[in-house]
Amino acid sequence: VQLQASGGGLVQAGGSLILSCTASGRTFSTYDMGWFRQAPGKEREFVAAVSWSGGITWYADSVKGRFTISRVNAKNAVYLQMNSLKPEDTAVYYCAVTPGRGSSYSYEYNYWGQGTQVTVSS
């Protein structure tokens, strides 16, 4: 089972990026999925999560209104649209799968992608 995150890069403050996460080895269409991020010297933190159907989403307060999580189960993929990026959004972004309800706690996720770097310059 592999989760492959992509789409990171260097962007100026105020810009946008779309992160993608595709799963291989099995389908995750019946599982909630999430995005987390980790900045240098900081703990991994929750960014957003989406229910298995895509109908319910959760966001960290720091990204609410700027980021949008979505999924396409036919492609076994989850996305994170990031707008109005700020330097404090700089981090490695990870996608993950949880067997339970979409959660903001990383320990409730049991499959993780390798991460993609997002750097926002001021």
Side-chain angles (χ1 to χ4, degrees):
V1 176
Q2 283 191 328
L3 295 175
Q4 181 74 39
S6 61
L10 173 63
V11 63
Q12 287 188 330
S16 299
L17 281 175
I18 301 176
L19 303 185
S20 300
C21 175
T22 55
S24 60
R26 64 174 294 177
T27 179
F28 289 109
S29 60
T30 58
Y31 293 88
D32 292 6
M33 297 183 71
W35 286 95
F36 288 75
R37 66 187 182 186
Q38 188 166 18
K42 294 189 175 181
E43 298 279 323
R44 188 170 297 189
E45 65 173 0
F46 170 75
V47 176
V50 60
S51 65
W52 66 270
S53 67
I56 302 173
T57 55
W58 300 267
Y59 295 95
D61 287 343
S62 59
V63 306
K64 205 171 290 184
R66 300 188 298 121
F67 291 10
T68 303
I69 189 171
S70 62
R71 66 190 298 163
V72 177
N73 285 338
K75 295 184 177 181
N76 225 16
V78 64
Y79 305 96
L80 187 68
Q81 170 75 53
M82 305 186 295
N83 298 328
S84 302
L85 283 161
K86 304 175 181 180
E88 51 263 44
D89 293 319
T90 295
V92 177
Y93 284 70
Y94 299 89
C95 59
V97 177
T98 174
R101 186 92 167 150
S103 169
S104 60
Y105 298 104
S106 60
Y107 62 80
E108 294 190 3
Y109 291 76
N110 57 355
Y111 289 106
W112 290 84
Q114 87 291 356
T116 184
Q117 175 71 47
V118 171
T119 303
V120 184
S121 63
S122 57

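Heavy atoms only: backbone and side chains are in, while hydrogens, waters and symmetry mates are out. All residue numbers in this chain count up from 1 along the given sequence.
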Could you pull out the closest heavy-atom pair between [X] and [Y], with the gap in Å?
X: Ala77; Y: Tyr79; result: CB-OH, 3.5 Å
X: Ser62; Y: Arg37; result: OG-NH2, 3.5 Å
X: Met33; Y: Arg71; result: SD-NH2, 3.6 Å
X: Tyr105; Y: Ser103; result: N-OG, 2.9 Å
X: Val97; Y: Phe28; result: CG1-CD2, 3.4 Å

Measure the spacing between [atom1] of [X] and [atom2] of [Y] and express it to the nearest 0.5 Å.
X: Trp58; Y: Ser104; atom1: CH2; atom2: OG; result: 10.5 Å
X: Leu80; Y: Ile69; atom1: CG; atom2: CD1; result: 6.0 Å
X: Ser51; Y: Ile56; atom1: OG; atom2: CD1; result: 4.5 Å
X: Asp32; Y: Trp52; atom1: CG; atom2: CH2; result: 9.5 Å

TODO: List the steps and the verdict of side chain to side chain contact (heavy atoms under 4.5 Å, CB included) for Thr90 and Val118.
DONE: CA-CA 5 Å; Thr90 295; Val118 171; 5.9 Å; no
Task: Note, Asp89 side chain near Phe67 side chain (heavy atom, < 4.5 Å) - done: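 A side-chain contact exists here, since the closest heavy-atom pair is under 4.5 Å.
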Open item on the list: If we ignore hydrogens and angles and just use 3.5 Å, is the side chain of Ser29 paired with the main-chain N or O of Asn73 as donor and acceptor?
Closed with: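 Checking the backbone N and O of Asn73 against the side chain of Ser29, no donor-acceptor pair under 3.5 Å is found.
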TODO: For Lys86 and Arg66, run side chain to side chain contact (heavy atoms under 4.5 Å, CB included): C-alpha distance rounded to whole Å, both residues' side-chain angles, the deciding distance at 0.1 Å, then the answer.
DONE: CA-CA 10 Å; Lys86 304 175 181 180; Arg66 300 188 298 121; 3.8 Å; yes
Residues 4-26, side-chain donor-acceptor partners within the protein, below 3.5 Å, at least two apart:
from, atom 1, to, atom 2, distance (Å)
Ser16, OG, Asn83, OD1, 2.9
Arg26, NH2, Tyr31, OH, 2.9

- [ ] Assert yes or no for the condition that the ring centre distance of Tyr94 to Phe36 is strictly below 6.0 Å.
- [x]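 No - the distance between ring centres of Tyr94 and Phe36 does not fall below the 6.0 Å cut-off.
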Task: Asp61/Lys64 ion pair, N-O < 4.0 Å - done: yes
Task: side chain to side chain contact (heavy atoms under 4.5 Å, CB included) between Ser106 and Trp112, worked out - done: CA-CA 10 Å; Ser106 60; Trp112 290 84; 3.8 Å; yes
- [ ] Indicate, with yes or no, if Val78 and Tyr109 share a hydrophobic cluster defined by side-chain heavy-atom contacts under 4.5 Å among Ile, Leu, Val, Met, Phe, Trp and Tyr.
- [x] no
Task: Steps toward side chain to side chain contact (heavy atoms under 4.5 Å, CB included) verdict (Val63, Met82) - done: CA-CA 8 Å; Val63 306; Met82 305 186 295; over 6 Å; no
- [ ] Verify the neighbour count for atom CD of Glu88: are there more than 12 heavy atoms of other residues, nucleotides or ligands below 6.0 Å?
- [x] yes
